[in-house]
Structures are given as structure tokens and as C-alpha cells.
Amino acid sequence: MSYVEKVLENLKKQNPNEPEFHQAATEILTTLAPVVEKHPEYETAGLLERFVEPERAIMFRVPWVDDSGKVQVNKGYRVQFNSAIGPYKGGLRFHPSVNLSIIKFLGLEQILKNSLTGLPIGGGKGGSDFDPKGKSDREVMAFCQSFMTELYRHIGADTDVPAGDIGVGGREIGYLFGQYKRIRDEHVGVLTGRGLTYGGSLVRTEATGYGLVYITEEALKARGDSFKGKTVIISGSGNVAIYACQKAQSLGAKVVAMYDSNGYVYDPNGIQIEVVKDIKEAKRGRIKEYAERVKGATYKEGCKGIWSIPCDIALPCATQNEIDVESAKTLVKNGVKYVAEGANMPSTLEAIEVFQKSGVVFLPAKAANAGGVATSALEMAQSSGRMFWSFEEVDKKLKDIMVNIYHNIDNASKEYGYEGNYVMGANIAGFIKVATAMMAHGIV
Ligand code: NDP
Ligand code: 2IT
């Protein structure tokens with residue numbers, strides 16, 4: 001049995017009932033075989049065993065009082081996965097589906113994503129099974145204050161810097177930051193995605209969606225093509241989806257469909273993103289309302305149907321495993337040419353295989369959605385320098401980072417003999433930097 005196979009088998013034995021963690025680890029480790037073959041010293045140093053084991057995983061109780069006066073209890077998590085190349089960095093997810101397996105898969109992905117940005121950030125992730133949907137602002141504040149009352153002791157501007165993810169946006173970051181500052185009496189860059197009046201960076205709100213479109217644009221350009229005139233499907237209608245839609249349309253694409261967890265809207269005339277922003281950002285409403293407001297648009301219950309709409313480019317921007325093997329086959333049958341992942345692990349392993357075997361250009365999440373965390377690192381840099389850069393400056397840095405990531409993963413795929421396989425390219429390019437740092441640090 002090879003080194004990679006041994007590590008994977010042991011991981012599954014040591015961490016039973018963590019299917020999402022197994023899935024992410026399988027995707028990553030199986031592509032690293034050519035690297036560990038080149039570096040037999042990694043096995044002696046137990047490098048892969050250490051790489052897949054979080055440095056620390058914190059689980060805690062989050063009690064809070066709801067509007068009826070009843071005490072509610074949620075689970076809180078922070079997995080500090082790897083600090084070889086910088087302080088732990090990664091988002092917080094508030095969603096009822098959150099459990100240790102989900103946080104560990106996200107944390108493991110984050111290590112390599114953060115490495116690919118070229119910036120000094122390690123990997124971490126956290127969150128809670130708390131559902132902000134349908135809660136009052138006061139309930140969300142009470143939850144966030146309780147969550148931070150435990151989390152504050154584990155994080156710090158040079159230790160671990162959380163940010164947003166599903167269910168954690170500007171409102172939640174504000175409440176979390178307020179409580180951290182109150183307990184620690186420190187106004188520092190301990191969270192990113194902060195508001196612009198208290199240390200946030202321009203472009204952070206737009207960064208993940210914009211970055212996704214920038215890297216896809218570079219992949220198109222490398223093939224003599226562009227977004228102009230392309231039909232695009234975007235799943236989700238949250239932070240990543242909205243700004244991916246806006247940027248893709250500004251480059252001449254027509255985005256015809258989006259969804260939330262209840263169903264999808266189809267607008268053959270092209271999604272009017274200002275309407276989506278009003279429904280989702282301003283009113284915290286449901287995407288269904290889009291079809292009530294825009295003539296010619298239709299709404300269908302259920303998410304999966306979105307993948308049966310013919311498109312040139314698919315940008316999954318909602319959640320893990322939203323594209324299964326069947327949906328992948330439908331997309332290919334209908335002529336999809338590019339799939340770039342805005343969400344984390346939105347394609348199942350079998351779906352990825354379908355895309356790759358069909359010659360679809362597939363840009364995996366850890367490369368394609370790295371613009372969010374990259375801009376978070378730019379926010380950290382501005383915080384420690386006590387200064388701010390203009391929108392244009394940050395946007396330019398973001399674009400340069402995404403273009404670099406594209407060429408790094410493309411070059412790595414060629415160097416290792418798997419040209420165009422960007423799953424291999426991204427995992428290998430991300431891993432080599434982390435592995436080199438870990439080897440330099442000795443057995444820690
Ligand atoms: P938001 O909470 O802003 O939006 C999430 C969107 O996805 C909503 O439309 C939501 O619908 C939908 N969604 C969530 N869960 C499900 C589900 N189980 N089934 C169907 N739809 C679902 O989150 P973000 O836009 O920030 O995050 C989206 C994805 O992008 C996640 O995978 C996240 O990890 C990833 N990501 C985010 C980054 C960021 O900077 N924010 C950076 C890199 C990656 P509903 O409103 O009905 O719940
Ligand atoms: O998955 C991700 O990269 C994020 N949710 C953003 C993390 C960050 O620290 O900005």
C-alpha cells in the first residue's frame with residue numbers, strides 16, 4: 001500500500017462519521033502521490049499524517065436567550081488546522097448543517113487555498129449550527145456575543161483571524177467584533193470582513209465573486225475566449241453568487257439563473273442583479289420574489305433543476321456537494337465548457353471526474369474562490385499598517401492574485417505531467433509551500 005493510501009485509510013479509521021472530511025482528504029491526498037514520490041523524506045517525517053491532523057480543534061457551548069425569553073444552546077467550533085505559513089485564517093459558518101466533519105473539510109481545504117494566494121496565512125475554520133435565518137437582529141446579536149465570549153480566548157490578530165462564510169456577513173462580523181473589542185479592549189484586525197468604518201477593506205464584500213470571475217476570465221483568455229456573450233448559471237444568491245453575477249455581467253456574460261435553498265429563478269433576459277441585491281441583501285428575503293417582480297422570469301421549487309438549464313459556464317456558489325454526478329452529466333450533455341467553483345467543494349468526487357473526462361475546464365474551489373481570503377489578507381495588511389488602500393488598488397491586487405493563481409496551478413499541472421488537471425495543479429502548488437515550511441519547523 002502506498003504512503004498516501006496508508007494515510008487515507010488511517011484517517012478514515014481515526015475519524016469515523018466524518019464523510020465531508022473524508023471526501024476533501026481523498027480529493028487532496030490522491031493528487032499528492034507524485035509529490036511524495038519525489039520526496040521520500042516526507043514519509044519519514046510523518047508529514048502527511050501531520051498535515052491531515054488539525055493542530056487544535058475547539059468545541060464549545062453557546063447559550064443565548066431568544067425573543068420569547070427561552071434559553072437556546074448551540075454548538076460552537078474553531079478548528080485551527082495549520083499555522084506553518086502564517087496565523088490560522090478562515091471563515092465562520094452559521095448554518096444548521098454545521099458539524100465537526102464540515103468544519104474539518106473546510107479547514108483542510110483552507111490550508112491549501114491560503115497557500116495558493118501567495119500571502120502569509122495558515123488554515124482554519126469555525127462556526128456553529130445556529131441558523132440566523134428568521135432570527136431578529138437582537139437574537140443574532142445575543143448569539144454572536146455569546147459565541148465570541150468563548151472564542152475570544154483562542155483568537156488574535158497574529159494567532160487566528162476568522163471571517164465570514166455561509167450565514168456570517170457584515171451584520172454578524174460587526175456583533176462579533178464589538179464583543180471581542182469589549183472583552184479584550186483591543187481595536188485590532190482580529191476579524192476580517194469588518195465594516196468600512198471600523199477597519200474593513202474596500203472590495204472585501206465583492207472579493208470572492210469578483211475573484212472567481214477574474215480567474216475564469218484568465219482561463220478563457222488562455223484559450224482565446226472571453227465572457228462576452230456567454231450564458232452563465234450561478235447557484236446560490238448570497239455574497240459569493242451576487243458579486244460573481246455582477247462581475248460576469250459587466251464582462252458581457254448573460255447570467256440566466258440563480259437559487260437559494262428553496263428553489264431557483266430562470267430569467268432568459270439575464271438576471272437583474274440589483275433586484276437580487278434588494279431581495280437578498282436589503283430585505284433578507286427569498287429568491288422566489290424575483291419572479292414576482294421581474295417580467296419573463298420564472299421560479300421553480302427545488303435546487304437541482306438549475307443544472308438542467310443549458311449554459312456555457314457554470315459557477316456553483318452555494319454549498320458543498322450541490323453538483324452530483326447526474327447534474328454533472330446533464331451539464332456536459334447541454335454543452336457546458338467551464339465549471340469554476342465559488343462555493344467550497346460544490347462538486348462531488350464523481351462529478352469532478354465527469355467534468356475532467358469530458359474536457360470541461362474545471363477550476364476547483366481552493367483556487368477559484370481564493371479571492372475572498374486573499375482580500376482578507378489584504379485587510380490584515382492594511383490593519384497592521386494602520387492605513388487604507390483605494391477600491392482600485394485593492395481590486396488590482398485581487399486581480400493580480402487570481403491571475404497568478406491560474407498560472408501557478410496551470411504550470412504545476414504541466415510540471416507533474418497532468419496538463420489541464422487543475423485539481424492536481426492546485427493541490428500540488430498549494431501543498432509544496434506548506435510542506436516546505438513544515439519540514440523547516442522540525443517535528444511540531
Ligand atoms: P451566504 O450565506 O451569503 O449565501 C449562501 C447561499 O447559498 C444562499 O443563497 C443560500 O440559500 C445558499 N445555500 C446555503 N446552503 C444551501 C443548501 N444546503 N442548499 C442550497 N442552497 C444553499 O454565503 P456565501 O455566499 O458567503 O458562501 C457561499 C459559498 O461560498 C460557501 O460554500 C462558502 O464556503 C463559499 N465561500 C465563501 C467565501 C466568502 O468570502 N464569503 C469565500 C470562499 C468561499 P439560503 O439563503 O436559502 O440559505
Ligand atoms: O472559504 C473561505 O475562503 C472563506 N469563507 C473566506 C475566509 C476568509 O478568511 O476571508
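Just so you know, ligand 1 is whichever comes first in the structure, and atom 1 is the first atom listed for that ligand.
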Enquirer: Just by distance, no angles: are the side chains of Asn344 and Asn369 close enough, under 3.5 Å, to form a donor-acceptor pair?
Expert: yes
Enquirer: Looking only at distance, does Asn262 have an N or O less than 3.5 Å from an N or O of ligand 1?
Expert: no
Enquirer: Please check this pair: side chain of Thr117 against backbone of Ala374, looking for a donor-acceptor N/O pair closer than 3.5 Å.
Expert: no
Enquirer: Less than 4.0 Å is my threshold; does some heavy atom of Gly169 fall inside it relative to ligand 1?
Expert: no
Enquirer: Does ligand 1 have any atom that is closer than 4.0 Å to a heavy atom of His95?
Expert: yes
Enquirer: May I ask whether Arg286 has any heavy atom positioned less than 4.0 angstrom from an atom of ligand 1?
Expert: yes
Enquirer: Looking just at side-chain N and O atoms, do Asn99 and Glu20 make a donor-acceptor pair shorter than 3.5 Å?
Expert: no
Enquirer: Any heavy atom of Gly164 sitting closer than 4.0 Å to ligand 2?
Expert: yes
Enquirer: Could you label the plane-to-plane angle of the Phe355 and Phe362 rings as parallel, tilted or perpendicular, counting under 30° as parallel and over 60° as perpendicular?
Expert: parallel
Enquirer: As a test of the contact definition, would atom 10 (C) of ligand 1 count as having a protein heavy-atom neighbour under 4.0 Å?
Expert: no
Enquirer: If we only count N/O pairs under 3.5 Å, is Lys125 in contact with ligand 1?
Expert: no
Enquirer: Among Asp131, Val373, Asn344, which one has a heavy atom closest to atom 32 (O) of ligand 1?
Expert: Asn344
Enquirer: Would you tell me which option among Ala343, Ala365, Gly236, Ala318 has the nearest heavy-atom contact to atom 28 (C) of ligand 1?
Expert: Ala318
Enquirer: Say whether Gln320 and ligand 1 are in contact under the criterion: heavy-atom distance to a ligand atom below 4.0 Å.
Expert: no
Enquirer: Any non-hydrogen atom of Glu322 lying under 4.0 Å from ligand 1?
Expert: no
Enquirer: Out of curiosity, is Arg93 lining ligand 2, as in a heavy atom under 4.0 Å away?
Expert: no
Enquirer: In this structure, does ligand 2 have an atom that sits under 4.0 Å from one of the heavy atoms of Glu109?
Expert: no
